[in-house]
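In what follows, a structure is listed as structure tokens, so that the remarks can point back to it.
Chain identifiers are assigned alphabetically (A, B, ...) following the order of the sequence lines, protein sequences preceding nucleic acid strands; residue numbering begins at 1 within each chain.
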There are 2 protein chains.
Amino acid sequence: MKEEQFRFIHYLKSKGLKLTSARKTVLTAFLRSEGHLSAEDLLAAAKKIDPGLGQATVFRTLKLLADAGLAQDACQDEGPRRYEHVYKHAHHDHLLCIGCGKLIEFCHPEIEKAQTEIFKEFGFQATGHRLELRGLCADCAGKSGKAND
Amino acid sequence: MKEEQFRFIHYLKSKGLKLTSARKTVLTAFLRSEGHLSAEDLLAAAKKIDPGLGQATVFRTLKLLADAGLAQDACQDEGPRRYEHVYKHAHHDHLLCIGCGKLIEFCHPEIEKAQTEIFKEFGFQATGHRLELRGLCADCAGKSGKAND
DNA sequence: CTTAGTGCAAAGGTTTTGCAAATTG
DNA sequence: CAATTTGCAAAACCTTTGCACTAAG
């Protein structure tokens, strides 16, 4: 069994919650997913496994996944809230091209280190962070940016 | 005249858009505001200046402000989208306590520097970034965090 | 058997859109 | 004057909630 599954089950038990087939379905669909997905995406994916699943259950389960530390808000500027794996994936930050929407994931040790310092400086106990850099990628910058619109 | 006002007017001209009294009202209300405000907050503030203003106009103008580089999505996890000044305020990042909601704004030169490196490394032309650290502040962490729940 | 979870559909909150009238350049 | 913008209200969109039924422990 995958570690994420185990962790989710353990989380449910610790909260006195039940491991239902609907939750298993949503978990499976979520773990199969790649990148950033919205609740709607997850519902669609989960319905491929169990067509009878309701969207309310997906929203409810997504909250549990976030609470269990498996899912994290990926925080897009537009449209619905999106989530991504947080448990297995090593931590990464996002670099977004505002021209073409290209999304690059990166990890920069110095930034991580500096963040730790900041938590210390303000007496905080860290639980997470999110960093998104925005700009124009080489392609889009080359195309003269925003001449017409 | 404030530089922001000038910038917004310039932006409108460059796009062939009109400087209407409604837009002036929203701009004024926005520039007067402090911290992070939602569209609803901005509507309320703008209505104090011009009670006849419609909420659609606020949403539309807020997009223009963002496009003009004056407003920026402050990206809360919950509730409505919130915006903040981006132009005059020196850049800052956010440190949020998930226990009591306390929000600290800070600025860390090394992080800024590292970000510049990343933009370079991926051949991006920077336009902005957003960093939010989350954790428990000293008060909340002291209160035994989440022993019971 | 008791309690929590489910799907549905309706409600809730936020943002967008169509339109006729008003305003700007 | 032509073209954009406005306010309104309705629609669209995303998420949550109430409820009767089902399923897990």
Please state how far atom CG in Leu43(B) lies from atom C1' in dC8(D), giving the value in whole angstrom units.
-> 13 Å

If each of Leu64(B) and Lys47(B) is mapped to the nucleotide of DNA chain D with the nearest heavy atom, which maps nearer the 5' terminus, i.e. the 5' end?
-> Leu64(B)

Between Lys24(A) (NZ) and dG25(D) (C1'), how many Å, whole number?
-> 13 Å

By nearest nucleotide on DNA chain C, pick out whichever of Leu19(B) and Phe59(B) is the more 5' one.
-> Phe59(B)

Which residue lies more 5' along DNA chain C, comparing Lys18(A) with Glu40(B) via nearest heavy atoms = Lys18(A)

What distance separates Glu132(B) CD from Leu131(A) CG, expressed to the nearest 0.5 Å?
-> 11.0 Å

Of the listed nucleotides dT5(D), dA4(C), dC8(C), the one nearest the side chain of Leu17(B) = dT5(D)

Nearest-Å distance for atom pair CZ/P, residues Arg81(B) and dC13(D) = 15 Å

Nearest to the side chain of Gln55(A) - dA10(C), dG18(D), dG7(D)?
-> dA10(C)

Leu27(B) versus Leu65(B): any side-chain heavy-atom pair under 4.5 Å?
-> yes

Phosphate OP1/OP2 of dT6(D): any Thr20(B) side-chain N/O under 4.0 Å | yes

Under the criterion side chain to side chain donor-acceptor pair (under 3.5 Å), which of Arg82(A), His94(A), Gln72(A) is the partner of His36(A)?
-> His94(A)

Under-4.0 Å side-chain N/O to phosphate OP1/OP2 contact, Arg23(B) with dT6(D) | yes

Taken to the nearest whole Å, CG/Leu53(B) to P/dT5(D) is 15 Å

Spacing of Lys13(A) atom NZ relative to dA24(D) atom C1', expressed in whole Å | 13 Å

Quick one: is Lys15(A) getting a side-chain N or O under 4.0 Å of the dA4(C) phosphate, OP1 or OP2?
-> no

Which part of the nucleic acid, if any, lies within contact of Gly52(B), taking any heavy atom under 4.0 Å across all strands shown: a base, the sugar-phosphate backbone alone, or nothing?
-> sugar-phosphate

Short question: side chain of Asp67(A), backbone of Leu64(A) - any donor-acceptor pair under 3.5 Å?
-> no

Would you mind classifying the nucleic acid contact of Ala22(A) as base, sugar-phosphate or nothing, using non-hydrogen atoms under 4.0 angstrom?
-> sugar-phosphate

Would Leu96(B) and Ile111(B) show up in the same hydrophobic cluster when neighbours are defined by side-chain heavy atoms closer than 4.5 Å?
-> no

Length of the CG-P vector between Leu62(A) and dT6(C), whole Å = 13 Å

Send over the distance from Leu42(B) CG to dT15(C) C1', rounded to a whole Å.
-> 14 Å

Tell me: CZ of Arg60(B) to C1' of dA9(D), nearest whole Å?
-> 12 Å

